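So the structure is just underneath, and the comments pick up after that.
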2 protein chains.
Amino acid sequence: MKETTLKQIAETLGISITTVSKALKNYPDVSAKTRNAVLELAKNLQYTPNSFAVNLRTKESRTIGLIIPEVVHHFFSNVINGIIAEAEKQGYLVIILQSNESMELEKKQVELLLNKRVDGIIISLSNESNGDEHIKEIMRREIPFVQFDKIAKLIPSSKVIINDQKAAFEATEHLIKKGCKKIAHIRGPVNPQNAIDRFLGYKKALEQNQIPFDSKLVYTCQNVTFEEGKTFAKQILADHPDVDGIFAITDLVAVGVLAHCNEVNVPIPQQIKIIGFSNWFMSQVITPKLSTVDQPSYEMGAKSFELLLEEMNARKDGKPFTPRTVELSTSIIERESSK
Amino acid sequence: MKETTLKQIAETLGISITTVSKALKNYPDVSAKTRNAVLELAKNLQYTPNSFAVNLRTKESRTIGLIIPEVVHHFFSNVINGIIAEAEKQGYLVIILQSNESMELEKKQVELLLNKRVDGIIISLSNESNGDEHIKEIMRREIPFVQFDKIAKLIPSSKVIINDQKAAFEATEHLIKKGCKKIAHIRGPVNPQNAIDRFLGYKKALEQNQIPFDSKLVYTCQNVTFEEGKTFAKQILADHPDVDGIFAITDLVAVGVLAHCNEVNVPIPQQIKIIGFSNWFMSQVITPKLSTVDQPSYEMGAKSFELLLEEMNARKDGKPFTPRTVELSTSIIERESSK
DNA sequence: GGTGTTTTCGAAAACGTTTTCGATATATAT
DNA sequence: ATATATATCGAAAACGTTTTCGAAAACACC
């Protein structure tokens with residue numbers, strides 16, 4: 001019931017471990033005869049190299065780490081999908097860890113991965129985090145490293161992002177073109193770069209369309225949940241009954257807004273037009289269907305791994321590596337909520 | 001820029017590697033003086049044991065593998081959540097692989113994990129799969145192994161399941177109690193045990209309530225998608241205009257049914273009452289809100305890891321291990337679609 | 001000072017692989 | 001025949017840790 005090793009093959013064949021290893025790896029300095037004998041016996045004994053030993057010897061594990069705020073999230077689970085798929089093609093396995101939007105935990109997860117000696121790390125920062133010590137530590141150790149979506153701008157790693165400001169600008173302008181005059185914005189927490197950028201895009205769109213910006217029309221999420229969407233919708237209706245457009249940081253929140261409006265019979269899109277962000281699956285099955293910004297989540301994952309692979313390969317060859325930033329494009333999806 | 005090793009610490013302190021190792025692991029046979037010296041230097045040099053070496057030596061990687069049909073799925077992402085959370089508490093990392101509902105791929109993923117020498121494997125079978133060779137291989141190698149949700153009944157491993165038949169029985173009976181006389185069932189593919197069991201539960205509920213079973217009222221999904229839900233809804237309305245209840249294999253399909261009914265203005269629940277399965281988040285935000293069977297997905301993940309841990313620990317201690325099956329309970333959630 | 005006990009340490013083997021480099025043996029050329 | 005090139009192999013080191021076992025040193029006791 002023991003695992004087959006090179007040693008066993010070598011002994012039964014009466015040759016050295018070295019030769020067995022070479023035969024298996026197609027080294028040129030082993031005769032066809034011995035090679036075949038080794039290959040056959042290896043097959044019969046179902047030999048597979050002990051990856052622990054290989055890891056130790058080659059100093060790589062063909063495993064990467066991924067840290068995201070949460071798995072149960074349409075956007076992130078799609079990203080995971082893209083990363084796993086791309087990684088698998090290249091023979092890499094993926095360890096997934098969650099930060100639960102906590103910087104404390106994120107720090108711990110980074111340490112776990114560092115200690116595990118993964119070949120590379122991909123991360124989307126938690127809301128509390130922003131290029132702190134633990135992120136710098138990754139850079140210091142020169143572990144191949146890619147940030148996506150929620151990034152620390154100042155950390156000079158590879159990055160995969162969308163142009164949040166531009167996308168938010170377009171979303172807001174979409175509402176304006178549809179006739180909205182007074183548009184509220186439910187924004188994300190203060191820290192994350194993408195919440196900031198989306199807010200700036202919103203503001204810019206107002207300014208460029210001669211609509212005065214009013215900070216009272218901006219509501220800030222703590223946890224970016226469905227419930228917050230409902231709460232803020234109620235608040236907006238109470239504070240500013242003449243609001244005719246709402247741009248929410250993400251579809252989940254927008255759906256919360258929609259749910260509240262449905263409950264209190266505020267007609268959407270007649271009285272208020274709504275647009276979300278990220279194109280969650282849910283958005284196309286609710287009533288009314290939610291307009292949103294399509295964000296290529298699968299591609300974001302795939303591209304993130306691609307950049308990571310570039311760096312891993314470069315470092316393996318001892319070549320210098322300069323981080324790259326890839327910006328993926330977004331598009332407005334018009335559905336019933338802004339018709 | 002090199003990693004610190006036991007050797008380095010030993011040399012700078014002028015002691016042996018053995019003693020350093022023992023000091024760090026709190027062996028009793030090292031004096032307080034040397035221990036402290038080691039501990040301090042280790043801290044200063046930021047020593048962390050090389051996990052590749054530890055793996056090789058201890059023959060365990062503190063890593064487990066998880067194979068599921070797909071990550072982008074409300075149920076499975078919740079399970080992942082439960083597994084990762086529980087694993088982390090015990091110092092285990094989780095490698096996630098997808099079978100994409102393909103047996104071919106599932107087979108490959110099992111091999112990957114086996115070669116990677118993970119300490120244990122948790123799996124939910126693809127629709128095409130049912131205890132085939134690759135699953136038996138896991139058992140043969142005596143790798144700690146847990147199946148959940150979609151299981152191969154005949155494989156004697158630990159299992160975490162719900163009583164699909166009972167849950168489906170209750171769901172169907174719920175519709176009956178609400179007055180439905182002619183209930184259609186959109187079932188899952190032929191292979192998976194849980195699709196079979198849910199179908200049997202549906203059938204049994206009809207029989208026990210003196211409603212004749214009609215195989216023409218059973219529609220079989222291929223891919224269990226939103227689109228299939230829509231398609232079958234259309235078909236049901238055409239084939240059997242007098243159907244007044246539909247029990248769908250999962251919420252995603254039920255939402256498809258709902259979407260079609262909304263499109264063609266079939267009033268839900270007045271004309272047809274609908275119940276789904278799994279309690280996806282989506283179900284509570286659509287119109288009308290979907291009745292469903294709540295399935296404790298997070299707990300399923302957590303429990304799966306728990307059982308795996310039991311087996312991993314038992315095997316480590318060389319103790320015999322007898323697999324356990326844990327059945328988690330479900331509950332009917334009544335919402336608008338069956339009022 | 002002898003005997004026995006306890007404390008503290010380190011040599012060495014082992015985990016299984018990869019790779020370098022040198023040693024044969026065989027073939028080719030002069 | 002000798003010298004040179006080529007084909008085939010294996011010894012050994014290395015990766016960094018853990019653990020067994022024995023040795024040495026320190027201490028106790030009479």
Side-chain angles (χ1 to χ4, degrees), chain A residues 1-39 41-42 45-63 91 114-119 316-318, chain B residues 1-39 41-42 45-63 91 114-119 316-318:
Chain A
M1 206 51 242
K2 296 258 298 173
E3 303 281 352
T4 336
T5 65
L6 291 184
K7 197 176 169 189
Q8 286 175 37
I9 298 183
E11 278 169 1
T12 51
L13 249 42
I15 56 179
S16 78
I17 296 179
T18 307
T19 306
V20 177
S21 173
K22 285 180 179 170
L24 256 13
K25 308 197 81 198
N26 263 322
Y27 273 58
D29 62 341
V30 33
S31 70
K33 201 176 124 197
T34 34
R35 182 193 319 284
N36 289 335
V38 169
L39 256 35
L41 186 58
L45 265 43
Q46 299 196 58
Y47 170 79
T48 57
N50 181 317
S51 65
F52 297 160
V54 177
N55 289 348
L56 178 60
R57 177 60 223 227
T58 61
K59 294 177 179 308
E60 58 169 22
S61 57
R62 296 233 136 211
T63 304
L114 253 22
N115 290 347
K116 198 77 185 176
R117 280 170 163 73
V118 290
D119 296 346
K316 234 191 297 187
D317 301 347
Chain B
M1 205 54 242
K2 295 257 298 176
E3 303 281 352
T4 332
T5 65
L6 291 184
K7 197 176 170 190
Q8 285 176 39
I9 298 183
E11 277 171 2
T12 52
L13 249 42
I15 57 179
S16 77
I17 295 179
T18 307
T19 307
V20 177
S21 173
K22 285 179 179 171
L24 290 171
K25 307 197 83 198
N26 264 321
Y27 273 58
D29 63 342
V30 35
S31 70
K33 204 176 121 196
T34 34
R35 182 193 320 282
N36 289 335
V38 169
L39 255 35
L41 187 58
L45 265 43
Q46 299 194 59
Y47 170 79
T48 56
N50 182 317
S51 64
F52 297 160
V54 176
N55 289 348
L56 178 59
R57 179 58 225 232
T58 61
K59 293 175 179 306
E60 59 169 21
S61 58
R62 296 233 134 212
T63 304
L114 252 23
N115 290 348
K116 197 77 184 178
R117 281 173 162 70
V118 290
D119 296 346
K316 233 191 298 188
D317 301 348

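Residue numbering restarts at 1 for every chain, and letters A, B, ... go by the order of the sequence lines. Remember, it's a predicted structure, so these values are computed and weren't measured experimentally. Scope of the values below: all heavy atoms of this structure, side chains included, with no hydrogens, waters or symmetry mates.
- The closest donor-acceptor contact from the side chain of B/Gln46 to the backbone of B/Thr4 lies at 3.5 Å or more, if one exists at all.
- When rounded to the nearest whole Å, the span between CZ of A/Phe52 and P of D/dA14 equals 25 Å.
- In this structure, of D/dT19, C/dC9, C/dT18, it is C/dC9 that holds the atom nearest to the side chain of B/Asp29.
- Taking 4.5 Å as the limit, every side-chain heavy atom of A/Leu114 sits out of range of all side-chain heavy atoms of B/Thr48.
- For B/Thr34, taking side-chain heavy atoms from C-beta onward, the closest of the listed nucleotides D/dC9, C/dC9, C/dG16 is C/dC9.
- In this structure, A/Asn26 atom CG and C/dT18 atom P are separated by 13 Å, rounded to whole Å.
- For the pair B/Ser21 and A/Leu56, both in contact range of DNA chain D, the more 5′-proximal nearest nucleotide belongs to A/Leu56.
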* Apply the test side-chain contact (heavy atoms from CB on, under 4.5 Å) to residues B/Val20 and B/Leu41: give CA-CA distance (whole Å), side-chain angles for both, the deciding distance (0.1 Å), then the verdict. => CA-CA 10 Å; B/Val20 177; B/Leu41 187 58; over 6 Å; no

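- For D/dA11, its base never sits under 3.5 Å from the side chain of A/Ser16 at any donor and acceptor pair.
- Separating the CG atom of B/Leu13 from the P atom of C/dT8 is a distance of 16 Å, rounded to the nearest angstrom.
- Contact annotation: B/Tyr47 reaches the phosphate of D/dT17 (side-chain N/O to OP1 or OP2, under 4.0 Å).
- Checking the phosphate oxygens (OP1, OP2) of D/dG10, a side-chain nitrogen or oxygen of A/Thr19 falls inside 4.0 Å.
- Between A/Thr5 and C/dC15 there is no side-chain polar atom (N or O) within less than 4.0 angstrom of OP1 or OP2.
- Both B/Ala53 and B/Tyr27 sit near DNA chain D, but only B/Ala53 has its closest nucleotide nearer the 5' end.
- At whole-Å resolution of the value, CG in B/Leu6 and P in C/dG10 are 13 Å apart.
- At the phosphate of C/dT18, OP1 or OP2 sits under 4.0 Å from a side-chain N or O atom of A/Lys25.
- Between the NZ atom of A/Lys7 and the P atom of D/dA12 there is a distance of 15 Å, rounded to whole Å.
- Between the side chain of A/Ser31 and the base of D/dA7, no donor-acceptor pair under 3.5 Å is found.
- Among the nucleotides D/dC9, C/dC9, D/dA12, the one closest to the side chain of A/Thr18 is D/dA12.
- Distance alone, capped at 3.5 Å, places no donor-acceptor pair between the A/Thr18 side chain and the A/Ser16 backbone.
- Comparing C/dT19, D/dC9, C/dA11 by their nearest atom to the side chain of A/Arg57 picks out C/dT19.
- B/Lys59 places no side-chain N or O within donor-acceptor distance of the main-chain N or O of A/Phe52, the cut-off being under 3.5 Å.
- If you measure from atom NZ of B/Lys22 to atom P of D/dG16, you get 21 Å, rounded to the nearest angstrom.
- For A/Ile17, the side-chain atoms get nearest to C/dT17 when compared with the rest of D/dC9, C/dC9, C/dT17.
- The interatomic distance linking B/Asn36 (CG) with C/dT8 (P) rounds to 12 Å, in whole Å.
- Within the model, atoms CD1 of A/Ile17 and OG1 of A/Thr5 stand 7.0 Å from one another, a figure rounded to the nearest 0.5 Å.
- Between the base of C/dG16 and the side chain of B/Lys59 there is no donor-acceptor pair shorter than 3.5 Å.
- Between the NZ atom of A/Lys33 and the P atom of D/dC9 there is a distance of 8 Å, rounded to whole Å.
- An OP1 or OP2 oxygen of D/dC15 is reached within less than 4.0 angstrom by no side-chain nitrogen or oxygen of A/Thr58.
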